[in-house]
4 protein chains.
Amino acid sequence: MGEDTPVARKPRADQARNRERLLTAAREVFRTDGASLEAVTRRAGLGTGTLYRHFPTREALFQAVYAREVEELEALAREDDLETWMTAALAMMATKKGMVTALAPVLDKEAPFFTEQSARMTAAVSGLRDRALAAGQIRDEITADDLMRVLLGLSYGPGADASRAGVLLNVFLDGLRPR
Amino acid sequence: MGEDTPVARKPRADQARNRERLLTAAREVFRTDGASLEAVTRRAGLGTGTLYRHFPTREALFQAVYAREVEELEALAREDDLETWMTAALAMMATKKGMVTALAPVLDKEAPFFTEQSARMTAAVSGLRDRALAAGQIRDEITADDLMRVLLGLSYGPGADASRAGVLLNVFLDGLRPR
Amino acid sequence: MGEDTPVARKPRADQARNRERLLTAAREVFRTDGASLEAVTRRAGLGTGTLYRHFPTREALFQAVYAREVEELEALAREDDLETWMTAALAMMATKKGMVTALAPVLDKEAPFFTEQSARMTAAVSGLRDRALAAGQIRDEITADDLMRVLLGLSYGPGADASRAGVLLNVFLDGLRPR
Amino acid sequence: MGEDTPVARKPRADQARNRERLLTAAREVFRTDGASLEAVTRRAGLGTGTLYRHFPTREALFQAVYAREVEELEALAREDDLETWMTAALAMMATKKGMVTALAPVLDKEAPFFTEQSARMTAAVSGLRDRALAAGQIRDEITADDLMRVLLGLSYGPGADASRAGVLLNVFLDGLRPR
DNA sequence: CATGAATGAGGCTTCATTCAT
DNA sequence: TATGAATGAAGCCTCATTCAT
């Protein structure tokens, strides 16, 4: 009796939970230990095969982690002010330094996936940049991609230091004003 | 007995030449193929053991290569004008992107060696920065280390693009002027 | 209560159909892609569990496929003439080279199953052989099993070549005549 | 004293011995356990890397083992009589059944190496075959490759049985006589 | 001193089999 | 009963490091 009541049915829940565990573990491992898949499964407490079911290739996992970061950044870009957004983005990026450091040398920058993500990010930032330009707040030779470059360089370049990045961003923003 | 008789004494020159060969090979390999020690010995045409005699650990070789890069940058900093130097440094750095990309993820940033190199670099840049400050050309809250950070970020940050770095540096330099 | 009421009883037909699908898929996969169970379920469009319900071990599937091949060969042996049958059998075997190549290294030749199948095959060929012997067409030291060996060797031995097997079979048949 | 006397110099000896150990281990493993490289190193009592230094790819090891078999067969073919040779070859092949069974599914038959070995073998047998043909002992439509096929089929085909192979070879040889 | 063979830990990946739903 | 997710043993291979000659 009660076969149709929503009791004790959970198979998909497991799967989703495992995927989440793997992504979380990956972020943690990447933040501190490099990019070993073995380390990820170990930390997730799951079998090797499970990782491969969810992410059939190395790249697939890296990309999934990366995509999530881009999403967060994209969400931020709904700000309506370029300067506010750049400051906020810098703060958020400071949070992820270890992970980016591990991920950067391991991602295949030629993959179509990468181009798509860049396009998404650029689109999100372009709105802010165009509005600032229209308002006469910035020079026109600086593109949305350039703005990303500055943020990424200040956050993840060799020698980057979160406690100085804000100051340097401000200098850059000053320089950005027309004249 | 007779340790000091001039019998078949291998000249010091040989040793120095091998060291040089290894460093050169390492720079070439790092520039194009990643950071495999085997590739280095292969390209140097020397045995594994010889590599280990000169550089007893992985890290030691990486550091030796790194030190040489710092030297070149340091030499450049004998310029007498901050802006000229920054522009020149950017150009030089563009030259070494592959190598830095291979080296960065592999260097232990905590090593005391690293602090020493930074200090050397900072000392070299400080002169330029202090002179610019004295001449009222730049704001005082920017340190010599900050200047390095900007150069490194624009050159080697994720997304860095040599063809845009110059433009971005100019924006930054503009922002650097007092007021 | 009501175990025997006609509620949603899955028809036997389904089960039989799935078994058939799996066997067909297995033959196709073995013919071209090796002997991976995963490939079989994928091609059959069924779940892993279903495969295991029908064939509780790897070996069981292999044997079922093998048994089917034996059946076909057995059916052929209703010919009434040894030479005609051997020629026809050779032609049929040429058809299955890929599958046999995949199956052979994977079957456990010690299994009792194997003895049974051999016995079946031997029984089928024995009739032909005995009749040929009675008619004075062949030497008596050659058994039915020997005849199978020759066919299998010419078809599936290393270096076997369908375009030469017929010629070689004819030589063998010539040699088989008494005197 | 005595640095120049041939004492305590043995490095190459080690290498050659290890290579031999690996080949021997490989033959033993292939004869009984399939074709796992791990099993080979385990049986040889050597490290993984040593196997890879001597045989940089899977194929390299398989080919080295295979080449040795071909050599033995080739040496045999210095017989001056086709029938004697075929009988002797059959006896030798009986010795290697397990190994061939393991090796056959794993060798890349398209590799140039394979073509070379076949050519060597064919060349060796052709002499015997041509002499027999000139002496009017065999039909002319049978090639040296065909002779190899028969031997291989009788020795290594599915169902092959050393105790019957001799009888079957004799039937074939009878059939081979002109008329 | 130079050489390069040997070592083995560690990472990657596949796939037969089990098991929860 | 069917499904497919999870598991983990087992194989492959690379490469930093050691060590015998």
Side-chain angles (χ1 to χ4, degrees), chain A residues 7-19 34-42 44-58, chain B residues 8-12 14-15 18 34-42 45-59 61, chain C residues 8-12 14-15 18 34-42 45-59 61, chain D residues 3 7-19 34-42 44-54 56-58:
Chain A
V7 184
R9 267 289 155 95
K10 85 158 193 293
R12 295 308 145 96
D14 255 51
Q15 198 181 173
R17 179 155 42 76
N18 281 343
R19 194 188 149 89
S36 146
L37 298 199
E38 293 259 298
V40 172
T41 55
R42 250 175 347 244
L46 296 172
T48 341
T50 304
L51 173 61
Y52 277 84
R53 170 168 294 275
H54 288 281
F55 306 100
T57 74
R58 262 173 133 259
Chain B
R9 181 70 59 86
K10 273 282 165 41
R12 292 289 160 84
D14 261 41
Q15 227 184 124
N18 281 345
S36 143
L37 297 200
E38 226 175 300
V40 171
T41 55
R42 220 170 23 240
L46 296 172
T48 334
T50 306
L51 173 62
Y52 272 81
R53 168 160 304 275
H54 288 283
F55 306 101
T57 88
R58 223 171 165 266
E59 199 64 14
L61 173 62
Chain C
R9 181 68 60 87
K10 273 282 162 46
R12 292 289 158 85
D14 259 40
Q15 223 184 127
N18 281 345
S36 143
L37 296 200
E38 224 175 300
V40 171
T41 55
R42 217 164 30 234
L46 295 171
T48 334
T50 306
L51 172 62
Y52 272 81
R53 166 161 304 274
H54 287 284
F55 306 101
T57 86
R58 221 169 165 267
E59 199 66 13
L61 173 63
Chain D
E3 284 285 306
V7 184
R9 266 290 156 94
K10 85 156 193 292
R12 296 307 146 95
D14 255 51
Q15 197 181 175
R17 179 157 41 76
N18 281 343
R19 196 190 149 90
S36 146
L37 299 198
E38 293 260 297
V40 171
T41 55
R42 250 176 346 246
L46 297 172
T48 340
T50 304
L51 174 61
Y52 277 83
R53 171 168 292 274
H54 287 281
T57 75
R58 263 173 131 258

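Just so it is clear: chains get the letters A, B, ... in the order the sequence lines come, proteins before strands, and each one is counted from 1. Nothing here was measured: the structure is a model prediction, and the numbers come from that model.
Taking atom CZ on A/R19 and atom P on F/dA6, their separation rounds to 11 Å, with Å as the unit. Regarding C/L51, its CG atom lies at a distance of 16 Å from the C1' atom of F/dA5, rounded to whole Å. Atom CZ in A/F55 sits roughly 11 Å away from atom P in F/dA6 (whole-Å rounding). One interatomic measurement links the two molecules: CG of B/D14 to C1' of E/dC1, which rounds to 10 Å at whole-angstrom precision. A/R42 places its CZ atom 14 Å from the P atom of F/dG8, with the value rounded to the nearest Å.
Put simply, A/Q15 has no side-chain N or O that comes within less than 4.0 Å of OP1 or OP2 on F/dA6.
The side chain of A/R53 sits closest to F/dA6 out of F/dT3, E/dC1, F/dA6. When the nucleotides F/dG11, E/dA2, F/dA2 are ranked by their closest atom to the side chain of B/N18, E/dA2 comes out on top. Closest to the A/T50 side chain, of the nucleotides E/dA2, F/dT7, F/dA2, is F/dT7.
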(request) Fill in the dot-bracket string of DNA chain F, one character per base: . for unpaired, | for a pair to another strand, ( ) or [ ] for pairs within the strand, taking Watson-Crick or G-U pairs under 3.5 Å. (result) .||||||||||||||||||||
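Residue order along DNA chain F, read from the 5' end via each residue's closest nucleotide, puts C/G47 first among C/G47 and B/E59. Annotation: of the two residues near DNA chain F, C/H54 and A/H54, the 5′-most nearest-nucleotide partner is C/H54. Along DNA chain E, the nucleotide nearest to D/L46 and the one nearest to B/L46 differ in position, and the one closer to the 5' end is contacted by B/L46.
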Output a table of nitrogen or oxygen pairs between the protein and nucleotides 12-16 of chain F separated by less than 3.5 Å.
from   : atom 1 : to    : atom 2 : distance (Å)
F/dC12 : OP1    : D/L37 : N      : 3.3
F/dC12 : OP2    : D/L37 : N      : 3.0
F/dC12 : OP2    : D/E38 : N      : 3.0
F/dC13 : OP2    : D/Y52 : OH     : 2.4
F/dC13 : O5'    : D/Y52 : OH     : 3.3
F/dA16 : OP2    : B/L37 : N      : 3.1

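The distance from the OG1 atom of D/T57 to the OH atom of D/Y52 is 8.5 Å, given to the nearest 0.5 Å. Note that the CZ atom of B/R53 and the CD atom of B/Q15 stand 7.0 Å from one another [nearest 0.5 Å].
Taking D/E38 as the reference, D/S36, D/R42, D/T48 meet the side chain to side chain contact (heavy atoms under 4.5 Å, CB included) condition, with sequence neighbours excluded.
Side-chain contact between A/N18 and A/L46: present, with at least one pair of heavy atoms (C-beta onward) separated by less than 4.5 Å. Side-chain contact between C/L61 and C/L37 is present, with at least one heavy-atom pair separated by less than 4.5 Å.
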